[in-house]
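This report refers to the structure that appears directly beneath it.
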There are 2 protein chains.
Amino acid sequence: MSESIEMYLVMTALLRSEPQQPVPVSLLANKLGVSQVSANEMCHKLDERGLLAYQPYKGVTLTEHGETQAQQILSRRRLWVMFLVENLGIEPEEADDLACQLEHITSERLVTALKAFLEHAPGAGQREFEAVPTQELAHCTAGTRGIVASVATEPMVAAFLRAQGVVPGTMVEVLAISAEGAVLVGLGDRHVALAPSMATQIVLAPPSTDQSSRHRAWARCSAYWSCPHSDACDCVLDYQVQ
Amino acid sequence: MSESIEMYLVMTALLRSEPQQPVPVSLLANKLGVSQVSANEMCHKLDERGLLAYQPYKGVTLTEHGETQAQQILSRRRLWVMFLVENLGIEPEEADDLACQLEHITSERLVTALKAFLEHAPGAGQREFEAVPTQELAHCTAGTRGIVASVATEPMVAAFLRAQGVVPGTMVEVLAISAEGAVLVGLGDRHVALAPSMATQIVLAPPSTDQSSRHRAWARCSAYWSCPHSDACDCVLDYQVQ
DNA sequence: TCTAATGTACAGGCACGCCCAAAGATCGCC
DNA sequence: GGCGATCTTTGGGCGTGCCTGTACATTAGA
Ligand SMILES: [Mn+2]
Ligand SMILES: [Mn+2]
Ligand SMILES: [Mn+2]
Ligand SMILES: [Mn+2]
């Protein structure tokens, strides 16, 4: 399996809202930074190879085999993110980008060794490497607290959110929700108002108290919304602020 | 620069006996596990790109630019080997294979973080990340002790040496050298006699006392003889025991 | 129901990195 | 000097993963 194929599988897992909910090929194309035609072509091939199930005009779902592969790769990504953030002190966002490359060249032996290292590293108690449940900010109720797991990748939106301090790893609280779906988010000392369309592009993980376990929880999120490769992100230039 | 290009540069650096000594394209082809025609083609391209200097019927040398690139990649490999061996407990040989992949996706930021980690990891004093001088076993004098840095990659030879315990990371001593160049090597409790042709395919690094610093010294060797990718190694099947 | 947006398909093409077969060029040794 | 081994070059080809342009199919909204 090439890195390219692996990323199609991973992206399909990350982009679906619910299991067995087809992911539109156009969305896949956007997030992977390739043309729709290329994505279509690839999805066909992966359907033939039994990794994806392709329903024309609907999208793709992961087959059992594809799901296994995707989860294996994502578990490797989480291991690397944990290591990069907690042991090397790299920022979550950059760690995600790096891990997205490392996940493809991580042997089973390396997985074992990394897990053992993370478990027995100084100051680490019992650790869990499984994915953690996440939810869209738009679906949260007032009072909910959580850690920003991922945000929109459209450059201008991402830049805005970054400027406001809404970056992966940050602890936030939902202060209020308007009837229209706008969300008022608290960030400790200040707060940000987000349009409904914005709230659907931010994903929260369960809250944690200390900084270290925040990172860990963030790393354990299975539902990254962010596009992993910065290069691919940069391809999404057709965004316009409404 | 693609991974493929990087490996041509690295291999050129590893295979030359002395700086500015041209490396035969056929040797490069063998070690990289590609055909001579492919290697020729590639060397031409890299000459045009100013990374290699190609002298027909002689071989290739690294240009100043190519040398810089090769050394940068190799320094990343050494960092990874150190980490993999000392912190993850992975065996030197496998660590080398893994590092050969990791070296190509290691950002400057990651280099900095890895160095900081290795420097401040528990039990680590002052560390050096520079390459260490090495010499062929065939050029050693009787009484010399050192650490096996790398061995021949031809499957049958490698298997034989492995069976004898002559693997990277092992401490050995040159017990005697015959007039013809055959070498008697001591491995603590036992010894092995090696034909002259075999002695030219084993490289030693300076000796160290404890296991940890042995690995470190081994990791710091700049002159790996081994072919890094196992896949490529497996391509070299035309070997015959004389 | 009809139309416009969205998705799909086909054709042709490109860069990369590799392959083989065959024909030349050079080198090195007898 | 000549000849065989080795190396280089040429020509053609392959697979992967992308691309554009154009035409066709489907879906969903007015
Ligand atoms: Mn990835
Ligand atoms: Mn990214
Ligand atoms: Mn490599
Ligand atoms: Mn190898």
Side-chain angles (χ1 to χ4, degrees), chain A residues 1-12 15-16 21-49 51-61 100-101 104-105 227-229 231-240, chain B residues 1-12 15 21-49 51-61 100-101 104-105 227-229 231-238 240:
Chain A
M1 282 218 306
S2 67
E3 174 170 341
S4 197
I5 289 178
E6 292 187 345
M7 285 309 290
Y8 272 87
L9 301 184
V10 163
M11 217 26 119
T12 305
L15 290 177
R16 74 186 157 198
Q21 174 82 35
V23 175
V25 177
S26 53
L27 180 59
L28 218 42
N30 256 315
K31 295 294 176 186
L32 289 171
V34 300
S35 76
Q36 283 197 36
V37 178
S38 300
N40 245 283
E41 212 177 332
M42 201 61 164
C43 287
H44 270 296
K45 283 182 194 163
L46 297 183
D47 182 302
E48 279 160 23
R49 288 179 60 161
L51 292 162
L52 290 181
Y54 185 9
Q55 303 165 260
Y57 297 98
K58 289 278 170 11
V60 288
T61 50
C100 181
Q101 303 190 242
H104 305 288
I105 55 170
C227 161
H229 290 305
D231 287 18
C233 294
D234 295 339
C235 293
V236 190
L237 295 171
D238 53 347
Y239 174 78
Q240 299 294 328
Chain B
M1 281 220 305
S2 66
E3 175 170 341
S4 196
I5 291 179
E6 292 187 345
M7 284 309 291
Y8 273 86
L9 302 184
V10 163
M11 215 32 117
T12 306
L15 290 178
Q21 175 80 35
V23 175
V25 177
S26 54
L27 180 59
L28 219 41
N30 257 315
K31 294 296 176 184
L32 290 172
V34 300
S35 76
Q36 282 197 37
V37 177
S38 299
N40 246 284
E41 210 177 332
M42 200 62 163
C43 287
H44 269 297
K45 282 182 194 163
L46 297 183
D47 182 302
E48 279 160 22
R49 289 179 58 161
L51 292 162
L52 290 181
Y54 185 10
Q55 303 166 260
Y57 296 97
K58 289 279 172 11
V60 288
T61 49
C100 182
Q101 303 190 242
H104 305 287
I105 55 169
C227 162
H229 290 303
D231 287 18
C233 295
D234 296 338
C235 294
V236 190
L237 296 170
D238 53 345
Q240 298 293 330

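Throughout, protein chains are lettered first and strands after them, A, B, ... in sequence-line order, and every chain is numbered starting at 1.
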A:V25 and A:Q36: CA distance, side-chain angles, deciding distance, side-chain contact (heavy atoms from CB on, under 4.5 Å) verdict: CA-CA 7 Å; A:V25 177; A:Q36 283 197 36; 5.9 Å; no

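For the pair A:S35 and D:dC19, the criterion of a side-chain N or O lying under 4.0 Å from OP1 or OP2 is met.
Here the CG-CG distance, from A:L52 to A:L46, works out to 5.0 Å after rounding to the nearest 0.5 Å. We find the OH-NZ distance between B:Y8 and B:K31 to be 15.0 Å, quoted to the nearest 0.5 Å. Separation of atoms CG (A:L15) and CG (A:N30) is listed at 10.0 Å; rounding is to 0.5 Å. To the nearest 0.5 Å, the span separating NE2 on B:H104 from CD1 on B:I5 amounts to 11.5 Å.
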Go along nucleotides 6-16 of chain D 5' to 3' and tag each nucleotide: B for a protein heavy atom under 4.0 Å from its base, S when only backbone or sugar atoms are that close, - otherwise. -BBBB------

All N/O donor-acceptor pairs, side-chain side in residues 37-44 of chain A, below 3.5 Å, sequence neighbours left out:
residue : atom : partner : partner atom : Å
A:S38   : OG   : A:S35   : OG           : 3.0
A:N40   : OD1  : A:Y54   : OH           : 2.5

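When heavy atoms are screened at a 4.0 angstrom cut-off, A:S4 is found touching the sugar-phosphate backbone but no base atom.
At whole-Å resolution of the value, CD1 in B:I5 and P in C:dA15 are 15 Å apart. In this structure, A:E48 places its CD atom 15 Å from C1' of D:dG17, rounding to the nearest Å. In this structure, the CE atom of B:M1 is 15 Å from the C1' atom of C:dC16, given to the nearest Å. Summarising the geometry, the separation between CG on B:L32 and C1' on C:dC16 is reported as 16 Å, rounded to the nearest angstrom.
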